[in-house]
Amino acid sequence: MMTTLEQVYFDQLRDLYSAESQLIAALPEIAEQATFPELRDAFNGHLEETRKHAERLLVLFNKHGLTSDAVVCDAMKGLLKEAKKHVSETEPGDVRDAVIIASANRIEHYEIAGYGVAKAFASTLGFGDDADLLDETLQEEGDADQAITKIATGGLFVSGVNEAASHV
Ligand SMILES: [Fe+2]
Ligand SMILES: [Fe+2]
C-alpha cells in the first residue's frame, strides 16, 4: 500500500525508469524499420537522449536510496507491442514510416504525461532539484515529439505517403 505522496512519487519514478529501459531496448529495432532517412536519424538521436533520461532517473534513485527494478511499466510494454504489430502489418517504405510515426507520437505523449506529473509531485514535495532534472527530460520529450511531427507533416505525409497511397 502507498500511503504518502512521496511513495507515489517514487513509484512514478520507477515506472518512468522501466519505460525508458524498455525504449532503450526497442528504439534501435524501430529505427531500423524506418525508411525515411530523417526519421531514422531522429530515432537514433532520441536513443541517445533516452539513455540520458534513464541516467537522470538513476541520479534520483541514488539520492533517495531507491532501487530501480521494482516496477514494470505495463503501459510502455503495450505501446511497444502495438508499434511492433503495426510494423509487421506494413511493407517497408512510406506507409510503414507513417505507422512508426503514429506509434512514436503516442509513446512521446505518454512520456510527456509521466514526466509532467513526476515534476509536479517533486515540486509539491519540495524536491526542487528533482523537478529541475525531470524538467530537462520533459523538454527533450517535447522536442522529440515535435521533431517527429515535423518530419511527418513537413515532408513524409505530404509527398511520400500520399503518393504511395495513390499508386495502390
Ligand atoms: Fe525518455
Ligand atoms: Fe522519449
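First listed ligand is number 1; within each ligand, the first listed atom is number 1.
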> Does the side chain of H53 pick up a donor-acceptor pair with the side chain of E111 at under 3.5 Å?
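No, E111 and H53 have no side-chain donor paired with an acceptor closer than 3.5 Å.
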> Is there a donor-acceptor pair closer than 3.5 Å between any side-chain N or O of Q22 and the backbone N or O of K77?
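Side chain of Q22 to backbone of K77: a pair is present.
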> Side-chain donor-acceptor pair under 3.5 Å between E141 and T137, yes or no?
no
> Run the side chain to side chain contact (heavy atoms under 4.5 Å, CB included) check on E20 and R56 step by step: do they pass?
CA-CA 11 Å; E20 298 286 15; R56 285 182 191 135; over 6 Å; no
> Has Q12 got a side-chain atom pairing as donor or acceptor with V117's backbone, closer than 3.5 angstrom?
no
> Can you tell me if D97 uses its side chain to pair, donor with acceptor, with the backbone of F36 under 3.5 Å?
yes
> How about the Fe ion (ligand 2), which protein N, O or S atoms come within less than 2.8 Å?
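Atoms qualifying: H46 NE2, E108 OE1, E108 OE2, E111 OE1, E141 OE1.
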